[in-house]
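The chain is numbered in sequence order, starting from 1.
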Amino acid sequence: MPEYRLSGATKKIIGFSGRIQPKDPDALTDDLINNINTMKIPPRDKRRLLCSSRDTSISTFIIPVTDGAVTGYYFSDPKLSELTGLVPLTIFCHGGGWVFGNMDFYSVFLRHLAEVTESAILLIDYRLAPNYKFPTAVEDCYDALLWAAEGAKYWKVDPDRIFIAGDSAGGNLAAATALLARDRKGPQLAGQILFYPITDCRLRTESMLTHKDSPMLNEKMLSFYVKNYAREPKDILAPLFSPALSTDLSRLPPALIISAELDPLCDDGKLYADALNAAGTKANALTVKGAYHGFMPYKHSIGRAEGECAMRQFVSGRPVENVVLSTENEMRKKI
């Protein structure tokens with residue numbers, strides 16, 4: 001097993017992440033999960049997260065879904081629309097193993113991401129396991145996509161540049177939503193952006209074995225998440241549960257997949273990109289060296305700046321195969 005060398009900043013990130021998404025499922029109770037999902041992030045902890053401009057506003061919407069409703073949080077900069085015209089829209093499915101999802105935490109992250117990518121982002125607070133089992137979460141995300149595509153004309157966003165994105169289990173939901181949009185002849189997506197996604201819930205890859213005790217995400221927690229999301233064991237084999245097991249990955253929107261090297265899910269991203277490309281769907285898998293699972297929301301994490309830049313390249317129109325891992329400063333020096 002690898003020896004993980006942790007900097008002081010990384011240790012702080014892991015400690016904070018453990019409070020938002022504990023690494024020991026044996027310690028979890030229904031009350032604890034609910035408290036984690038609804039708590040306000042203390043100001044001292046928000047300093048570990050990303051800063052954003054006050055120009056980026058947040059609006060809240062109630063989105064109708066099958067047998068209920070979910071909340072959507074819309075992040076945008078009205079001044080940007082006035083300067084540039086229509087902006088891209090990204091529908092974002094949050095991570096948390098389909099069980100966790102703190103909206104205060106994700107609001108800090110996505111308000112910043114909307115700013116640096118010069119786009120609008122709609123965060124979906126989909127219904128969570130174990131109260132709502134598969135396929136509720138993916139159906140909620142698909143219903144939210146339908147709703148957002150219809151509302152795009154009111155938001156000054158470009159209806160031809162609607163992306164689906166997510167991190168970790170949210171990357172799984174984004175990939176599954178793209179499958180649904182194709183199969184149900186739903187909105188035409190400009191692309192899918194998957195940050196360290198789980199795409200094969202059998203948990204059998206080489207990186208799963210190598211990094212099963214990774215400090216940010218371990219095999220025990222992944223097994224807990226899969227068990228709580230599934231209605232029954234055979235659900236794991238369904239394409240909407242494990243998109244990598246789909247027998248048809250053709251005719252999907254181009255996929256930008258960003259993985260972390262020291263992550264049990266590293267191979268999930270790379271193997272899914274290989275399968276997409278083999279089926280004729282353009283995909284680009286980029287792996288951040290030295291990075292751990294879940295790095296994107298944290299100010300001082302390895303890979304955060306490169307991940308932001310890669311997303312900005314893609315949503316601004318660069319072909320997915322030409323997207324590179326680079327910081328904004330490095331990109332400017334090459335021009």
Salt bridge (Lys or Arg N to Asp or Glu O under 4.0 Å) against [X], all qualifying residues, sequence neighbours excluded:
X      : result
Lys133 : none
Asp263 : none
Lys299 : none

Could you list the residues that satisfy side chain to side chain donor-acceptor pair (under 3.5 Å) with [X], not counting sequence neighbours?
X      : answer
Asp158 : Arg161
Ser223 : none
Ser17  : Lys23
Glu328 : Arg312

Mark yes or no for whether [X], through its side chain, and [Y], through its backbone, hold a donor-acceptor pair below 3.5 Å.
X      : Y      : value
Asn284 : Val323 : yes
Ser76  : Ala120 : no
Asp140 : Arg127 : yes
Asn37  : Val99  : yes
Gln313 : Val324 : yes
Asp167 : Gly170 : no
Asn34  : Asp30  : no

On a heavy-atom basis, which atom in [X] and which in [Y] lie closest, and how many Å separate them?
X      : Y      : answer
Asn102 : Asp104 : OD1-N, 3.0 Å
Tyr126 : Ala137 : CD1-CB, 3.7 Å
Pro254 : Phe314 : O-CZ, 3.6 Å
Val157 : Leu86  : O-CD2, 3.7 Å
Gly290 : Glu261 : N-OE1, 2.6 Å

Inset, instruction - Taking atom OH of Tyr132 as the centre, report whether more than 12 heavy atoms of other residues, nucleotides or ligands fall under 6.0 Å from it. - result: no
Legend entry - Flag if over 12 foreign heavy atoms under 6.0 Å of CD, Glu321: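 Enclosed: over 12 neighbouring heavy atoms sit under 6.0 Å from CD of Glu321.
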Inset, instruction - Can you tell me which residue pairs pass the side chain to side chain donor-acceptor pair (under 3.5 Å) test with a partner in residues 301-310, sequence neighbours excluded? - result: His112-Glu308, Arg304-Glu308
Inset, instruction - Could you tell me whether Phe241 and Tyr229 have their ring centroids closer than 6.0 angstrom? - result: yes
Legend entry - ring-ring contact (aromatic ring centres under 6.0 Å, His included) against Tyr74, all qualifying residues, sequence neighbours excluded: Trp155
Legend entry - Which residues share a ring-ring contact (aromatic ring centres under 6.0 Å, His included) with Tyr106, sequence neighbours left out: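 Once residues adjacent in sequence are excluded, the partners of Tyr106 under the ring-ring contact (aromatic ring centres under 6.0 Å, His included) criterion are His94.
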Legend entry - Any His211 side-chain heavy atom under 4.5 Å of Asn218 side chain: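 No, their side chains stay 4.5 Å or more apart.
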Under 3.5 Å, which donor-acceptor pairs link side chains of residues 180-196 to any protein atom two or more places apart or in another chain?
{"residue": "Arg182", "atom": "NH1", "partner": "Asp248", "partner atom": "O", "Å": "2.9"}
{"residue": "Arg182", "atom": "NH1", "partner": "Ser250", "partner atom": "O", "Å": "2.8"}
{"residue": "Arg182", "atom": "NH2", "partner": "Asp248", "partner atom": "O", "Å": "3.2"}
{"residue": "Arg184", "atom": "NH1", "partner": "Glu139", "partner atom": "OE1", "Å": "2.9"}
{"residue": "Arg184", "atom": "NH2", "partner": "Glu139", "partner atom": "OE2", "Å": "2.8"}
{"residue": "Gln192", "atom": "NE2", "partner": "Pro253", "partner atom": "O", "Å": "3.0"}
{"residue": "Tyr196", "atom": "OH", "partner": "Met296", "partner atom": "N", "Å": "3.2"}

Legend entry - Contact list for residues 249-290, test ring pair (Phe, Tyr, Trp, His ring centres under 6.0 Å), sequence neighbours left out: none
Inset, instruction - Among Ile63, Thr136, Asp143, Ile62, find the residue that satisfies the side-chain contact (heavy atoms from CB on, under 4.5 Å) test when tested with Val70. - result: Ile63
